[in-house]
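The next block holds one structure in the form of structure tokens; read it before the comments.
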Amino acid sequence: MIGIFDSGVGGLSVMKELIAAFPDYQMIYFGDTARVPYGNKSKETVTRYALEDASFLIKKGAKLIIVACSTASAFALDTLKKKLKVPVIGVIEPSIKAAIETTRNQKIGVIGTRGTVRSNIYVGLAKKIDPKVQVFQQACPLLVPLAEENWVNKPETRRIIKYYLRPLKARGIDTLILGCTHYPLLAKTIQDIAGKSIKLILPGQESAKAVQKLLKKNSKLEKSLTKTRKHHFYASDISGEFRNIGNRFLGRRIGKLIQADVSKR
Ligand code: DGL
């Protein structure tokens with residue numbers, strides 16, 4: 001199976017893109033709803049959580065791990081790659097590469113959680129790939145709850161997005177990375193406020209392309225993946241709105257949802 005995890009529902013926006021790209025592969029999703037949010041926690045804590053989440057998925061049969069959380073990708077990807085015995089793909093490297101290919105004026109904006117912005121991961125990667133590129137970041141802590149509440153185009157949401165994008169637009173960016181897996185839900189409004197001249201980069205789409213490349217190269221891994229359209233869904237807490245919000249993020253109905261305490265394993 002392809003294993004996908006996030007702090008909660010956001011990663012389902014990535015799973016949606018993975019299902020679109022690989023409709024026949026079985027996937028297993030884990031949302032760490034008991035410990036969400038990751039976006040305002042320390043690197044050490046997020047790394048520990050990410051290791052527990054990924055290890056749980058591997059025990060359940062995942063042969064490939066997609067870190068469908070920008071904060072966990074920012075803080076924990078290197079550790080996961082070192083410690084896990086299966087390939088790991090995050091949402092950050094594919095997005096920054098796509099942004100560098102897209103930009104015409106070498107000015108890229110990134111919006112994300114406070115943790116992702118604090119990690120400076122996009123800035124560091126861009127410097128390595130193309131030192132001419134400038135990356136401007138903006139933390140947008142209010143956007144996660146707005147996406148979960150489905151306040152996608154309310155006047156209040158538009159005002160908040162305008163406020164967050166103002167400094168990035170003032171820098172003259174022509175490309176904007178949605179550096180949080182919740183934000184694709186707000187993509188239409190963000191695009192509207194950013195204006196047509198700014199191209200949006202969506203994390204799920206770019207990570208799906210990275211998975212495609214990996215499976216092309218690694219036929220043994222490709223063959224080890226189960227081909228069925230029946231997916232598994234786990235969350236560390238299922239008392240909340242996970243199912244309703246999750247259906248929206250996934251763009252279809254979540255199947256049976258099972259509670260799992262991954263910290264015990
Ligand atoms: N899905 C998380 C991310 O992409 C945002 C939610 C959180 O803070 O845990 O960073």
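Nothing here was measured: the structure is a model prediction, and the numbers come from that model. As the structure lists them, so they are numbered: ligands from 1, and atoms in each ligand from 1.
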Would you mind listing every ring pair (Phe, Tyr, Trp, His ring centres under 6.0 Å) that reaches into residues 99-155, with sequence neighbours excluded?
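For residues 99-155, and leaving out neighbouring residues, there are no ring pair (Phe, Tyr, Trp, His ring centres under 6.0 Å) pairs at all.
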For residues 199-209, dump all side-chain donor-acceptor pairs below 3.5 Å to protein atoms at least two apart in sequence or in another chain.
{"residue": "Glu206", "atom": "OE1", "partner": "Lys209", "partner atom": "NZ", "Å": "3.3"}
{"residue": "Glu206", "atom": "OE2", "partner": "Lys209", "partner atom": "NZ", "Å": "3.3"}
{"residue": "Ser207", "atom": "OG", "partner": "Gly90", "partner atom": "O", "Å": "3.0"}
{"residue": "Ser207", "atom": "OG", "partner": "Pro203", "partner atom": "O", "Å": "3.2"}

With the threshold set at 4.0 Å, does a side-chain nitrogen-carboxylate oxygen contact exist between Lys217 and Glu222?
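Not counted as a salt bridge, because no side-chain N and carboxylate O are separated by less than 4.0 Å.
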Does a donor on one side chain sit under 3.5 Å from an acceptor on the other, for Thr102 and Thr175?
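Note: Thr102 and Thr175 side chains miss the donor-acceptor criterion.
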Donor-acceptor contact present, side-chain Arg243 to main-chain Ile254, <3.5 Å
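Yes, Arg243 side chain to Ile254 backbone: donor-acceptor pair under 3.5 Å.
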Would you be so kind as to tabulate the donor-acceptor pairs closer than 3.5 Å made by side chains of residues 35-47, with sequence neighbours excluded?
{"residue": "Arg35", "atom": "NE", "partner": "Asp32", "partner atom": "OD1", "Å": "3.3"}
{"residue": "Arg35", "atom": "NE", "partner": "Asp32", "partner atom": "OD2", "Å": "2.7"}
{"residue": "Arg35", "atom": "NH1", "partner": "Glu52", "partner atom": "OE1", "Å": "2.7"}
{"residue": "Arg35", "atom": "NH2", "partner": "Asp32", "partner atom": "OD2", "Å": "3.1"}
{"residue": "Arg35", "atom": "NH2", "partner": "Glu52", "partner atom": "OE1", "Å": "3.1"}
{"residue": "Arg35", "atom": "NH2", "partner": "Asp53", "partner atom": "OD1", "Å": "3.3"}
{"residue": "Tyr38", "atom": "OH", "partner": "Asp32", "partner atom": "OD2", "Å": "2.5"}
{"residue": "Tyr38", "atom": "OH", "partner": "Asp53", "partner atom": "OD2", "Å": "2.6"}
{"residue": "Lys41", "atom": "NZ", "partner": "Arg35", "partner atom": "O", "Å": "3.2"}
{"residue": "Lys41", "atom": "NZ", "partner": "Pro37", "partner atom": "O", "Å": "2.5"}
{"residue": "Ser42", "atom": "OG", "partner": "Thr45", "partner atom": "N", "Å": "3.2"}
{"residue": "Ser42", "atom": "OG", "partner": "Thr45", "partner atom": "OG1", "Å": "3.1"}
{"residue": "Thr47", "atom": "OG1", "partner": "Lys43", "partner atom": "O", "Å": "2.6"}

Could you go through ligand 1 and note, for every N or O atom, any protein N or O atom closer than 3.5 angstrom, writing the atom names and distance to 0.1 Å, or 'none'?
{"residue": "ligand 1", "atom": "1 (N)", "partner": "Asp6", "partner atom": "OD1", "Å": "3.0"}
{"residue": "ligand 1", "atom": "1 (N)", "partner": "Thr181", "partner atom": "OG1", "Å": "3.1"}
{"residue": "ligand 1", "atom": "1 (N)", "partner": "His182", "partner atom": "ND1", "Å": "3.4"}
{"residue": "ligand 1", "atom": "4 (O)", "partner": "Ser70", "partner atom": "N", "Å": "2.9"}
{"residue": "ligand 1", "atom": "4 (O)", "partner": "Thr181", "partner atom": "N", "Å": "3.0"}
{"residue": "ligand 1", "atom": "4 (O)", "partner": "Thr181", "partner atom": "OG1", "Å": "3.2"}
{"residue": "ligand 1", "atom": "8 (O)", "partner": "Tyr38", "partner atom": "N", "Å": "3.4"}
{"residue": "ligand 1", "atom": "8 (O)", "partner": "Gly39", "partner atom": "N", "Å": "2.8"}
{"residue": "ligand 1", "atom": "9 (O)", "partner": "Ser7", "partner atom": "OG", "Å": "2.6"}
{"residue": "ligand 1", "atom": "9 (O)", "partner": "Tyr38", "partner atom": "N", "Å": "2.7"}
{"residue": "ligand 1", "atom": "10 (O)", "partner": "Thr71", "partner atom": "N", "Å": "3.1"}
{"residue": "ligand 1", "atom": "10 (O)", "partner": "Thr71", "partner atom": "OG1", "Å": "2.6"}

